[in-house]
Structure formats: structure tokens, C-alpha cells
> 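Let me give you the structure first, and then I'll get to my questions.
The first residue of the sequence shown is numbered 1, and numbering continues consecutively from there.
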Amino acid sequence: MKDQYGRTIDYLRISVTDRCNLRCTYCMPEEGITCIPHEEILRYEEMEQICRIMAEMGLKHIKVTGGEPLVRKGISGFIRTLKEIPGIETVTLTTNGILLESMAEELASAGIDGINVSLDTLDEEAFRAITRGGDVKRVLAGLRKMHQYPQITLKINCVLGGKNWKKNAVSVAELAKNHPIHVRFIEHMPIGREPEKEAKREEQVRVVLETVYGPSILCEKPMGFGPSVYYHFEGFVGKIGFISAVSHKFCSGCNRIRLTADGRLRMCLQSGNSTDLKAVLRGENPEGLESVIQKSVYEKPREHHFDKESIETVSMSQIGG
């Protein structure tokens, strides 16, 4: 699949649900959440159909997201199905880690290639405040459990904020120092419930880490299929990565699109423009799905405009963060 700017689009993020077992402050409101009605959420069979069509068009990599994907019943079987689609090279998952320990074995059995765990702090009280009730010990237990499956790439996604961001950066990075885990620091983008007024940029975080752990060396070889840039610190088992959509705009090489839980295909996280694939699937001409997808991909925007335009305030749980 190619867009009008010649970019190859081969990476799909699928939100399988807008439900979540946490209420992170920057993602979801504490109360008054209006969830998508169950009948409006895509069935696994419909998601599979979309993925099979896209695979024939050149899709290679799928990231399963939510909400929290592990709360949806049958998620491991769905991952197994995705792995069996001809042309799909990797299927990975993003999770908050709360259910990871209990589901590690079945995820490994399903053939998952990689798991990304969202973890912004190791401090129990701070984690409980950010997630409105979450227990960081359960996340850490899930990470320890995953060490039993070395064939699965393990990554941490960390969004830094608040007055203790330096302490959190150092302590979360230490997971990569002592374990086969890659820690990625993600710039807080101006979207969602509580945009960070003073988002921590890549250069700020690197200075803090180098002060504690010594100089870093840029990894020339790509690790994964997304926009992350990785660095090696001496003595570290894993790598330190950065996803810096604001300070280091990577739109020219963007290869991804998003499918929301209610079946809308979004070409860009920032843009509210989307195509209703569910309406096509459940309509009178489902055979026209391929042409609808191709037209949408072709019209993918050249770049985001986080620095210029106001961003819609839809929660990340609804988009598929």
C-alpha cells in the first residue's frame, strides 16, 4: 500500500476495545465514560477480514492495542489467527501490564512476537495516582513472567511528566540496564484528556540519563518497524529508545495507520478524518472494501500539525493509543 506521497504503508494498529481496567489521568476520565456499545465494536472475524485484505495489499506488521486489549475475551485466539494470515510478519501487543502475568503463557502459545508495556513510574504511590488505583507490583510481576519467553521482544513505553520526571526516567531506564528489556521514552503529544504543558523532550531526557549512566551511543541498525530511535548505554542489557513525534517529526517516514474498535480507519493520530470500514463490511457491498481501504491510504496526510492546530480531545482509549 502506498499513499500519495510515495510512502509504503505496512503497519496497522488495531484497537480491539475501548474498555480498560485502569483510568490513567492523561487517557480516560475517572467517571462518566461512555463506552462504545458492544454491537458497534468490530467482531474478531471482521478485524481478521480487514487484515487479510490489507495483507494482500502489502500489510506486514500488526500492533494490537485498546483500551486495554487483554480485557477483551478471546484475545489470545485472535492473535493466533492474525499470525496465520499469509504476509503478516509480526504481531505485537501494547498493554498496561496488569493482566500480563496471568496471560503470559497463552500469549506466548499464540505466537506473539513482542509485548509493549506502558509504565511511567516504578513508585507505587505515583503509579496509583497516575492510573487511579493501579498496582505497579502486578505490572512488574508480569514483566518478570515474560522473561520465561526470550523469543518475545519486551519493551517499556514511558511517558514522563510531573515534578519527579527525572527520578522516574532514571529508575525506569534501569530496567533496561538489568534486564533484556528495551525502554522507550515517548513524548507526550497534545492530545487526550490532559495534554502535558511542559512535555519532556528527547534531549532533556538523554541529558538526565547520561548524567547517571554515562554517554550514549546511537544504534545505527533499526530495532522494530516504527519511528523509535535507540541508544546504547555501556553495561546495559537492553536499549534506550525515544519516540519523539513533536520535537523530532518523523512523518516523512510514517508507515502506519490505525483501526479503531468501532471500525474506523484513521490515517494519522492527530487528524480526526477517518473512513468507516464497518459500514462497508456490514453494508450491501462488502466486496468494495479493498478499494475503500486503498483510497483512504492514498489520502493519508503528509504530516501532523501538533505545533499549529488544536487537537481533538477524544480519549486515547477510543483511538487506540
> Tell me if the CD atom of Q151 is crowded by more than 12 foreign heavy atoms within 6.0 Å.
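It does: Q151 CD has more than 12 such atoms within range.
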> So do L289 and L281 actually touch side chain to side chain, heavy atoms under 4.5 Å?
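Counting from C-beta outward, L281 and L289 do come under 4.5 Å.
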> Check this for me, if you would: do R138 and E101 make a salt bridge, where the nitrogen-to-carboxylate-oxygen distance has to be below 4.0 angstrom?
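Between E101 and R138 there is no salt bridge, as every charged N stays at least 4.0 Å from the carboxylate O atoms.
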> Under the criterion side-chain hydrogen bond (donor to acceptor under 3.5 Å, both in side chains), which of N273, D3, T275 is the partner of S296?
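Between S296 and the candidates, side-chain hydrogen bond (donor to acceptor under 3.5 Å, both in side chains) is satisfied uniquely by T275.
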> So Y11 and H61, would you call those rings parallel, tilted or perpendicular, with 30° and 60° as cut-offs?
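Rings of Y11 and H61: tilted, 30 to 60°.
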> A quick test of your reading: do over 12 heavy atoms of other residues, nucleotides or ligands sit less than 6.0 Å from CD of Q148?
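Yes.
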> How close do F236 and A176 get, heavy atom to heavy atom, and via which atoms?
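Smallest interatomic distance, heavy atoms only, reads CD2-C, 3.7 Å.
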> Would you say E68 and T95 make side-chain contact, with heavy atoms under 4.5 Å?
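Yes, at least one pair of side-chain atoms sits under 4.5 Å.
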> Is the closest side-chain heavy-atom distance between H147 and I181 below 4.5 Å?
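Yes, at least one pair of side-chain atoms sits under 4.5 Å.
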> Other residues, nucleotides and ligands only: do more than 12 of their heavy atoms fall within 6.0 Å of CD on E40?
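More than 12 within 6.0 Å, yes.
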> Measure the shortest side-chain to side-chain distance between M267 and E299 over non-hydrogen atoms and say whether it is less than 4.5 angstrom.
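The answer is no; the side chains never approach within 4.5 Å.
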> May I ask you to check if R72 and Y44 form a cation-pi contact, with NZ or CZ under 6.0 angstrom from the six-membered ring centre and within 45° of the axis?
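Positive - R72 is close enough to the ring of Y44 and near enough to its axis.
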> Just so I know, are the side chains of I53 and I50 near enough to count as touching, which here means a heavy-atom distance under 4.5 Å?
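Heavy-atom side-chain distance check fails, nothing below 4.5 Å.
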